[in-house]
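Take a look at the structure set out below.
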Amino acid sequence: MEVVDIARWQFGIITVYHFLFVPLTIGLTLIIAIFETAWLRTGRPEYLRLTKFFGKLFLINFALGLVTGIVQEFQFGMNWSDYSRFVGDVFGAPLAIEGLLAFFLESTFLGLWIFGWDKLPRALHAACMWIVHVGVLFSSWFILAANSWMQHPVGYTYNAENGRAELVDFWAVMVNKVQLVTFPHVVLAAYMTAGAFVIGISAWLYVHHRHGAADRTSTDPGVVETARTDRAMYRTAIRLGAVFMVVGGIGVAVSGDIQGKIMTEVQPMKMAAAEGLYETHESCAPFSILTVGTPDGREEKFALTVPCLLSYLGTGSFDGEVQGIDELRETYREEYGQDPGAAYYTPGEYVPNIPVTYWSFRFMMGLGAAGAVGGLVVLWLTRRRNDGATLPHWVGPVGIALPLALVAANSFGWIFTEMGRQPWVVFGLMTTERGVSPGVSVTEALISVIVLTVLYAVLAVVEVGLLAKFVKAGPEPFTEPPDPGSPDHDRDAPLTFAY
Amino acid sequence: MILGLELTTVWFILIAVLWIGYFTLEGFDFGVGMLLPVLARDETERRVLINTVGPVWDGNEVWVLVAGGATFAAFPEWYATLFSGFYLPLLLILVALIVRNLAFEYRHKGDTAQWRARWDAALILGSFVPALLWGVAFANIVRGVPIDADKEFTGTLFTLLNPFGLLGGVVTLLLFLTHGAMFVALKTDGEIRHRARALAVRLGIAAAAAAVVFLTWTQVITGSAGSSIAFMLAAAALVAGIGAAARGREGWAFLGTFVTIALAVAGLFLALFPDVMPSTTDPAFSLTTTNAAATDYTLTVMTWVAVAFTPIVLGYQTWTYWIFRKRISTRHIPTDELAGAR
């Protein structure tokens, strides 16, 4: 085993893990800001209960996203020092700017939001969550600009003297055409995921909420009334979640479609790999829904395809030509095989791992679509303002499965886009194996990947346990929060929130 | 050139400022974490301590992320050599920061004493490890480490565990403990406040003794005129801070350790300049502000961004401290166990 293999496994494990929490953070900050603003505007208690309930779940999730993000920032230098040397001039800038513009904003205003119930006037308190969301969007923008540069390097020159890529046009990096379509795709997928989370949790609670057992048998008017109000609240949440899912879902599909065309243009091998398409189709390339065949996809035993759809996805025309892996391999060999330009890549096969790209592409789309269907089903079931109604019991498990499907769809999307770029770390400039730290030993790299993986596994158990506990507990009953804006606010009262 | 300074020098200064921000701010929340078993006598007091840093520890920690990112962008070679060279200590720091941060967020979300005790241990150890290791790392950066012609660190973990490096670790540990105690004295009321103040004086004396030895040693191996002034002023600020604590002037006392840490870090960077990572193998292999730097174009872009946004960041971070300026005491801790989870 070589350091590069271990470093790649580590990058895969900790980045996929980190991104389990990121989409929820992006989407939930906006949803919580909306709930809190709705409470301010209408004064209806359920909005504050939802704010606090989803705020609590969000914080459990955010904590892990935050700590795993620290590792991301350090590991470029730790495991990928030659990569860092090569790209630092271009890639470091968005990372540093992300820290200055986004991380400070998120952490400071989230601290104010968590502890500010007794200190800030109500409108300012709600504004804090909006600001956190702006910070999250800044963060997404800059980190995706950095990643898009790896997919499609622009705005740089190669300096042969010191063997580095050097930034010449920062604006070009910011408006990289890959970036312009990746940003909406990722952010809207995050909105969709958070929408699924809100729908799923609310649907589960609608079926299982803590008054659920009592209200079916109880005739106590108090219990019946509480159950009715709670259901109305869950329905409100489900409907907001549905807006996020529908709007996000349409946006994800549209941006994904444009992405496919840009990818066909700038990384044709990735598109071919997504389909396991070995032969070039001069027109009407079929889209493969699923294939059973040899592991490398060379021979098909069974295949389900849609005629001409791949041509449309890749080129926008059903007659468009889609190049296959075999032809592209030759093209890449000619382009990159003769003059390596520098010591940053070795001529090779230029073909990614086909089964991984083929299946991750399908899981991304399949799980995303399945999640959308699940969300629509729950929306249909709760279409009437009928607060006494019960939902069928299978809605509970569907509710739990919804966010999981969406989170997994996000992961597969990233696995696809990163694995599909291989063997490059920066497309056309540097191969992954050349980016690894030359001074790091196999032992060090192994210690690192084992320690982090074990730690992350333990933390996953803790996180799931906490989420389950607080979901089961459901939203707290309404209590009027302090109003620090009013003159008779007691500044010596016990804190509303304390660690 | 800005104000007659090369852009590379400007960014060296800015990175020094980021580390100063990190150590002066996260320094006290490391201290508070480590002092949890010493200053708090029961669960309510532990919660008082943790809540003194509750709203701010996360913002404090961002300083190190920005310092890392800025080093990556402004001095890619420095970032690459440092982070891949100091591999295992950095891994330990990462693990410590992870468990510590989660301790803040998760400790109060469980119901059992065992759950809280485990997170307490995470908070204490997770504060102790970086408080020690950052000092070891910085002492070694200033002293120099084996670096070859390819700018690669050629030492091992044990290269870093030399007497000078370890003393550097002890100094940051003691300084952060003192700084934390001063912060608790400033931010709490009641018995904890008095306990913290008394402890701050005792810790301060120990920190002063260790710091004087370490800073003198640094001055002897690699000091400059600038660093000697910074170190002397740092020592003076520490003495003044201890004196203020002894007289019950908690605000001045905290300012004293704050300035001490700021000047000590500034002095280390002054001693380092114009190197960023000196090589003990051959001075010709040393990384410097010039040979480790990014291009002028990148530095210019970054300078504009920094000029535009740093004042805003400083503004809202200061405002946060103002919002949460009130002292916390046991009566502010909600008795309802679930309140923390709400």
Side-chain angles (χ1 to χ4, degrees), chain A residues 52 56 59-60 63-64 66-68 70-71 73-74 76-79 81-82 84-85 88-89 92-93 95-101 103-104 107-108 110-112 114-116 119-120 166-168 170 437-440 444 447-448 451 455 459 462 466 470 476 491-492 494-499, chain B residues 47 50-51 54-56 58-59 62 65-66 68-70 72-73 76-77 79-85 87-88 90-91 94-95 97-98 101-102 104-109 152-154 294-295 297-298 301-302 305-306 309-310 313 316-317 320 323-324 326 331-335 339-342:
Chain A
K52 293 211 164 189
K56 193 159 57 189
L59 288 175
I60 295 170
L64 263 183
L66 172 96
V67 297
T68 52
I70 307 174
V71 183
E73 174 120 5
F74 278 49
F76 294 115
M78 290 172 75
N79 273 346
S81 68
D82 270 354
S84 303
R85 290 195 169 97
D89 201 68
L95 246 66
I97 297 172
E98 182 191 15
L100 187 65
L101 261 69
F103 294 165
F104 274 126
S107 59
T108 309
L110 195 59
L112 280 160
I114 299 172
F115 286 89
K119 309 277 181 191
L120 299 172
E166 293 182 345
L167 187 62
V168 292
F170 180 69
S437 298
V440 169
E444 285 174 319
I447 291 173
S448 171
V451 166
L455 178 65
L459 297 179
V462 173
L466 278 177
F470 285 100
E476 298 284 329
R491 300 196 175 276
D492 276 330
L495 298 165
T496 305
F497 177 93
Y499 274 149
Chain B
R47 293 185 68 188
I50 293 170
N51 279 291
V56 294
D58 190 6
V62 172
L65 293 178
V66 180
F72 194 176
E77 303 275 0
Y79 173 78
T81 307
L82 177 65
F83 281 61
S84 64
Y87 195 88
L88 293 176
L90 281 174
L91 179 66
L94 285 176
V95 171
L97 292 179
I98 289 173
N101 295 353
L102 289 177
F104 282 117
E105 295 291 346
Y106 288 175
R107 181 190 186 278
H108 62 95
K109 288 193 155 56
E152 280 296 318
F153 174 78
T154 54
T295 54
Y297 177 78
T298 295
V301 172
M302 298 264 299
V305 175
F309 289 96
T310 312
V313 170
Y316 62 67
Q317 276 215 336
T320 308
I323 293 288
F324 296 106
K326 214 167 135 18
R331 79 200 142 104
H332 293 113
I333 300 300
T335 44
R342 221 171 256 159

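Residue numbers begin at 1 in each chain, while the letters A, B, ... track the order of the sequences. Just so you know, these numbers use all the heavy atoms, side chains as well, and skip hydrogens, waters and symmetry mates.
- Chosen from A:Ile114, A:Leu59, A:Leu64, the residue pairing most often with chain B at heavy-atom distances under 4.5 Å is A:Leu64.
- Looking only at heavy-atom pairs under 4.5 Å with chain B, the residue among A:Thr68, A:Asn79, A:Leu110 that has the most is A:Asn79.
- Taking the six-membered ring where the residue is Trp, B:Phe72 and B:Tyr79 present parallel rings, their angle staying beneath 30° rather than reaching 60°.
- Both the backbone and the side chain of A:Leu100 come within less than 4.5 Å of a heavy atom of chain B.
- Using a 4.5 Å cut-off between heavy atoms, B:Val313 contacts chain A through its side chain alone, with no backbone atom that close.
- Summarising the geometry of B:Ser84 relative to B:Glu152, their closest heavy-atom pair is OG-OE1, 4.3 Å, with the distance given to 0.1 Å.
- The shortest side-chain heavy-atom distance between A:Val440 and A:Met78 does not fall under the 4.5 Å cut-off.
- The candidate from A:Val451, A:Leu120, A:Ile447, A:Leu101 with the greatest count of non-hydrogen atom pairs under 4.5 Å with chain B is A:Leu101.
- Heavy atoms closer than 4.5 Å to chain B are found in both the backbone and the side chain of A:Ser448.
- Of the possible polar contacts, one joining the A:Ser437 side chain to the A:Ser81 backbone as a donor-acceptor pair under 3.5 Å is found.
- For chain B, the nearby part of A:Val168 is the backbone; its heavy atoms alone come within less than 4.5 Å.
- Looking at A:Leu466, the atoms closer than 4.5 Å to chain B (heavy atoms on both sides) all sit in the side chain, from C-beta outward.
- Using a 4.5 Å cut-off between heavy atoms, A:Ile60 contacts chain B through both its backbone and its side chain.
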